[in-house]
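Note sheet for the following structure.
All ligand and atom numbering here is 1-based and tracks the order in the structure. These numbers come from a predicted model, not from an experiment. Residues take their numbers from the sequence shown, with the count starting at 1.
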Amino acid sequence: MDTVLSGIRPTGNLHLGNYYGAVRSFVKMQYEYNCLFFIADWHSLTTHPTPENIQNSARTILAEYLACGLDPEKATIYVQSDVPETLELYLYFNMNTYLGELGRVTTFKEKARQQPDNVNAGLFTYPTLMAADILQHRAKYVPVGKDQEQNMEIARKCARRFNNIYKTELFPEPQNYYFGAEALKVPGLDGTGKMGKSDGNCIYLCDEEKVVRKKVMRAVTDNGPQALNSEKPEVIENLFKMMSIVSDAETVKYFDEKWNDCTLRYGDMKKQLAEDMVKVLNPIRERIQEFSANTELLDKIARQGAERARESASATLKEVRKIIGFRI
Ligand code: TYM
């Protein structure tokens, strides 16, 4: 059975971008594949070196994932820092990845701009740690949003290069997995291209109904359509994109026609959008509250998951050590 791996940094609550970009695919896949899901708490140190309570942040994400439908009976769920085997593989991949390749990664360049006083080596080698996360389980599919494409390219390079250098076929080249036909980038509500926790433009899965409505009503728009059948400016395109993600096709078509004949009122469209979001979010939020209250269950799931993940990682690592020539 093919293996699937998915991960998230515990630097905030899950938002709709995470949900539609990655979580929903994973929940669907857990019944058909050997699925592992992990919380990338080491990765979060690249931008948040002094987390307030990292174990609690991991629990929060875990509760949110379970609320979305992740099934601990089906999927292995673990916390990255509970699996030290990952680090040895990370070291080997660092030996075969070149500075030029890592320096070209857009997320690295962006973060380096955002935190000029902390352009650390962990940030630079973020993609090789991600490659180790994936390849230690020899995962074939990784459900991700569009923002992870470059990191995934490096993961494939790590697999390919290791296989070439050591004349082996140990690692499969992991493929990006998308829920629909192509990579998804859920837009933010501030007119910017991407919903992201550091941008303050998010709808969180745990947001109360009235918060969701308020955020949506405040979403950035313009003066409205000025000519029949005109092209939509980016902010409006984003609003429609959001609607096409959470609402049904009929609803999108209705507002699209209104845009085309210049009778669209953004207020009406936003009200509908908020309504459809609330429908998706209400049951999830209720389950988040239930799971969050049960820290004993969350810790048990993470402990069991770590055991299984370590087993899978050490089997790969044993092969790797043998192939390179180290004592096993
Ligand atoms: P992170 O924590 O930024 O996001 C987790 C997942 O959510 C997706 N995502 C989005 N998808 C569509 N539209 C958006 N606006 C949006 N925002 C976030 C991301 O694509 C991601 O799939 N590097 C990873 C964590 C990681 C990982 C891994 C993932 C570490 N090792 C190994 C997979 C495999 C990250 O920062 O995701």
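If you number the atoms of ligand 1 from 1 as listed, the ones under 4.0 Å from a heavy atom of Leu184 come out as 11 (N), 12 (C), 13 (N). Each of the following atoms of ligand 1 lies closer than 4.0 Å to a heavy atom of Lys194: 15 (N), 17 (N). Near Leu5, the atoms of ligand 1 lying under 4.0 angstrom from a non-hydrogen atom of the residue are 32 (C), 34 (C). Ligand-side atoms of ligand 1 in range of Val142: 33 (C), 34 (C), range being under 4.0 angstrom from any heavy atom. Residue contact check: Phe38 has heavy atoms under 4.0 Å from atoms 28 (C), 30 (C), 31 (N), 32 (C) of ligand 1.
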* To do: Start with the C-alpha gap between Arg113 and Glu110, add the side-chain angles, then the distance that decides, and say whether salt bridge (charged side-chain N to carboxylate O under 4.0 Å, His left out) holds.
  => CA-CA 5 Å; Arg113 248 195 320 272; Glu110 256 169 41; 5.2 Å; no

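Using a non-hydrogen distance threshold of 4.0 Å, Gln80 does not register as a contact of ligand 1. Heavy atoms of Lys197 come nearer than 4.0 angstrom to ligand 1 in at least one pair.
From the protein, the heavy atom lying nearest to atom 32 (C) of ligand 1 is Met130 CG, 3.5 Å. What sits closest to atom 18 (C) of ligand 1 on the protein, heavy atoms only, is Asn18 ND2, 3.3 Å.
At a heavy-atom cutoff of 4.0 Å, ligand 1 is contacted by both the backbone and the side chain of Arg9. Proximity of Val186 to ligand 1, defined as any heavy-atom pair under 4.0 Å, is shared by backbone and side chain alike. Contacts between Lys146 and ligand 1, counted as non-hydrogen atom pairs separated by less than 4.0 Å, are absent for every part of the residue. Under 4.0 Å from ligand 1, the heavy atoms of Ile134 that appear belong solely to its side chain. Of the heavy atoms in Ile8, both backbone and side-chain atoms come closer than 4.0 Å to ligand 1.
Between Ser44, Ala183, Ala155, Gly17, it is Gly17 that holds the heavy atom closest to atom 11 (N) of ligand 1.
You'll find the side chain of Lys146 stays beyond 4.5 Å of the side chain of Lys194, heavy atoms only.
Judged by distance alone, the side chains of Gln272 and Ser247 never bring a donor and an acceptor atom under 3.5 Å apart. For the residue pair Arg138 and Thr316, a side-chain donor N or O sits within less than 3.5 Å of a side-chain acceptor on the partner. No hydrogens or angles considered: nothing links the side chains of Asp41 and Ser44 as a donor-acceptor pair under 3.5 Å.
Between Lys241 and Glu237, no side-chain nitrogen of the basic residue sits less than 4.0 Å from a carboxylate oxygen of the acidic one, so the salt-bridge criterion is not met.
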Side-chain donor-acceptor contacts of residues 70-77 below 3.5 Å, not counting sequence neighbours, with atom names and distances?
| unit_1 | atom_1 | unit_2 | atom_2 | d |
| --- | --- | --- | --- | --- |
| Asp71 | OD1 | Glu73 | N | 2.8 |
| Thr76 | OG1 | Arg308 | NH1 | 3.2 |

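For Asp82, the salt bridge (charged side-chain N to carboxylate O under 4.0 Å, His left out) criterion is met by no residue, not counting sequence neighbours.
Here the two rings, on Phe38 and His137, have centers that are 6.0 Å apart or farther. Ring centroid separation for the pair Tyr177 and Tyr33 does not come in under the 6.0 Å cut-off.
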